[in-house]
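This report refers to the structure that appears directly beneath it.
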Amino acid sequence: MQNSEHTVLLVDDDDAIRTQLRWGLSKESFTLKLANDRPSALEAQRKLRPKVVALDLGLPPDAGGVSEGLKCLEEMLRVDPFCKVVVITGNDTRDHALAAIASGAYDFYRKPVDLEELRVIIERALHVSGLEEENRQLREQVDAGDSYDIVGDCPAMQDVLETVRKVAGSDIPVLVLGESGTGKELVARALHKASPRGEGPLMVMNCGAIPENLLESEFFGHEKGAFTGAHARVKGKAEYAHQGTLFLDEIGDLPLHMQVKLLRFIEEKRFQRVGGREDIDVDIRLVAATNANIAEVIERGDFREDLYYRLGVVVIHLPPLRERGRDVETLARYFVSRIARETPRRPLDLSPAALEAIRAHSWPGNVRELENKIRRAAILCNGPRIEPGDLDLNGTASHSGSIPGDATLKDARNWLEREMVARSLDQNEGNISLAAKALGISRPTFYDLMKKHALKNA
């Protein structure tokens, strides 16, 4: 099979047009191959595997209609769903061209042929095809474990991956810093997966989601009768993480009294359950993360400097999505590809306008926000391509409609509570701390309300 990287297949039964395009595009950065009907086009596609096809809808034996061209489009996409098919149509068949777009065509072009316009469309289609191929290669690397499930090609993310590779084999503590939604837990899981402890447990503890009076019990466990309601001995996260990794998320929210206990635990690698007297030794690797400006938190006395140095033997800084350049496109295509595999529909695509909107957005919620928007668009979009309106980048989505007319007072209160929590999450791009603060409640209370109303922040 020939190299298809820059091959474009032109399917048209008009000898004059084939001659014009062969002459006008022969010196471009792609190789132009020709076919004049559906059988020859399908044979050429199977042999050459072109990235882009320019397809005239009026093919024999229905040269005056579009049935043969639409059938050719359907069969081509069945052979290669990722092929970019640009349909060529006359002025009187525009509606049929739009129908072809809805069936999976990449774009359409109306005769008479203008070489410069067609060249731009073909080059753009080749560029998009190349980006999709890069994304599929990244996906293969992820599936093989080479990238530890972290997708990104910008220098900052490559530095993150390199640091993960270097420190994964040791047991030194790692502190991951970055804004909410940048993928801190993903880095923690990568460190665990790539370490000799990868077959052991990975225990995750969100320090900001647990009520302060339960933190010590959650971390160290407790003995029966240690406090009211302690009806049995319960192991804590530290004990369950033995011979594995303990990931402490939102470490910047840890109260000072627990910071003292954590510091002693790091130094001694032993602890006592709440209400217990027996020393318990554990072998664990600590990874911590926070979205707080840790220097400011230390300066105002809310975080111990000695604990920071214990946790941050190696510090990994995750860049916000707005500073990752083309990674936003790569990630968007990655999420589209993954969602398409998770659902029974044909492969999805992003329109050029949608890509432009994604590039222009500031993404305050980072990768988490991008994934949420893509998932929403994949559900709501009409046809196989996501358009800018499907992405809801202006934050105008509605969550719950209106209060039912037959609702009781209790129903109305629950509806309003859920609506306000969901809206605060949406307006603060998934940042739990900001969403809770906007509603004037604590983080643990906010988490309780999310659980009550089955709201997810994924």
Heavy-atom nearest pair, Val52 first then Ala125, reads CG2-CB, 3.6 Å

Arg322 side chain to Pro364 backbone, donor-acceptor under 3.5 Å: no

Just by distance, do the side chain of Ser351 and the backbone of Ile386 share a donor-acceptor pair under 3.5 Å? yes

Check whether any side-chain heavy atom of Leu254 lies under 4.5 Å from a side-chain heavy atom of Phe219, and answer yes or no. no

Rounded to the nearest 0.5 Å, what's the gap from CG on Asn291 to CD1 on Ile251? Could you check? 12.5 Å

Neighbour count above 12 (heavy atom, 6.0 Å) for Gln158 CD: yes

Less than 4.5 Å apart, side chain to side chain, heavy atoms only: is that true for Val297 and Tyr308? no

If you take all heavy atoms of Val287 and Ala188, which pair is closest and at what distance? CG1-CB, 3.9 Å

Kindly give the heavy-atom pair with the smallest separation between Asp80 and Pro50, and that separation in Å. OD2-O, 4.3 Å

Student check: side-chain heavy atoms of Val151 and Thr330 closer than 4.5 Å: yes

Look at the side chain of Lys184 and the backbone N and O of Gly178, then say whether any donor-acceptor pair between them is shorter than 3.5 Å. yes

Between Arg119 and Glu116, does any NZ, NE, NH1 or NH2 come within less than 4.0 Å of an OD or OE carboxylate oxygen? yes

Taking it one step at a time, do Ser433 and Arg443 satisfy side chain to side chain donor-acceptor pair (under 3.5 Å)? CA-CA 6 Å; Ser433 295; Arg443 287 170 55 89; 2.4 Å; yes

Does a sphere of radius 6.0 Å around CD in Glu323 hold more than 12 heavy atoms from other residues, nucleotides or ligands, not counting ones at 6.0 Å or beyond? yes

So CD1 of Ile284 and NE2 of His242: to nearest 0.5 Å the spacing works out to 10.0 Å

Any donor-acceptor pair under 3.5 Å from Tyr109 side chain to Asp114 backbone: yes

Donor-acceptor check, side chain of Ser129 to backbone of Leu126, threshold 3.5 angstrom: yes or no? no

Are Pro211 and Tyr447 close enough that some pair of their side-chain heavy atoms sits under 4.5 Å apart? no

Scanning both residues in full, the closest heavy-atom pair of Leu393 with Ile358 reads CD1-N, 4.4 Å

Nearest non-hydrogen partners of Ala438 and Ser424, listed with the distance: CB-OG, 3.9 Å

Does Ile172 offer a backbone N or O that forms a donor-acceptor pair with the side chain of Arg285 under 3.5 Å? yes

Compare all side-chain heavy atoms of Ile432 with those of Glu250 and state whether any distance is below 4.5 angstrom. no

Candidate pair Leu21 and Leu115, rule side-chain contact (heavy atoms from CB on, under 4.5 Å), full reasoning: CA-CA 7 Å; Leu21 295 181; Leu115 287 175; 3.4 Å; yes

So that I can tick it off, tell me whether Arg189 and Glu185 are bridged by a salt bridge, with the cut-off set at under 4.0 angstrom between side-chain N and carboxylate O. yes

Keeping the roles fixed (side chain from Arg368, backbone from Asn431), state whether a donor-acceptor pair exists under 3.5 Å. no

On a heavy-atom basis, the closest approach of Glu68 and Leu59 is CB-O, 3.5 Å

Got a second to check how far Leu186's CG is from Lys193's NZ, nearest 0.5 Å? 9.5 Å

Mind running side-chain contact (heavy atoms from CB on, under 4.5 Å) on Arg324 and Val367 for me, showing each step along the way? CA-CA 11 Å; Arg324 290 177 56 177; Val367 180; 3.7 Å; yes

From CA spacing to verdict: side-chain contact (heavy atoms from CB on, under 4.5 Å), Leu355, Arg333: CA-CA 9 Å; Leu355 277 173; Arg333 293 188 177 282; 2.7 Å; yes

Pair Lys111 + Asp12, salt bridge at N-O below 4.0 Å: yes

Rounded to the nearest 0.5 angstrom, the CD-CD distance for Gln45 and Glu75 is 9.5 Å

Asn366 (side chain) donor-acceptor with Ser180 (main chain) under 3.5 angstrom: yes

Evaluate side-chain contact (heavy atoms from CB on, under 4.5 Å) for Glu369 paired with Trp363, printing each intermediate quantity in order. CA-CA 7 Å; Glu369 180 193 2; Trp363 300 109; 3.5 Å; yes

From the options Arg124, Lys84, Arg385, select the one residue that forms a salt bridge (Lys or Arg N to Asp or Glu O under 4.0 Å) with Asp107. Arg124

Quick one: do Lys71 and Asp62 make a salt bridge, cutoff under 4.0 Å? no

Quick one, Leu449 and Ile441 - any side-chain contact, counting heavy atoms below 4.5 Å? yes

Just wondering, do Leu425 and Phe446 contact through their side chains at under 4.5 Å, heavy atoms? yes

Using 4.0 Å as the upper bound for N to carboxylate O, is an ion pair formed by Glu371 and Arg338? yes

From Thr182 atom OG1 to Leu321 atom CG, the distance as rounded to the nearest 0.5 Å: 9.5 Å

Donor-acceptor under 3.5 Å (His192 side chain, Gly200 main chain): yes

When rounded to the nearest 0.5 Å, the distance separating OG1 of Thr290 from CG of Leu248 is 11.5 Å

Whether the side chain of Asp327 engages the backbone of Gly152 through a donor-acceptor N/O pair (distance < 3.5 Å, no angle test) should be reported. no

Mind checking whether Val167 and Val313 have side chains closer than 4.5 Å, heavy atoms only? no

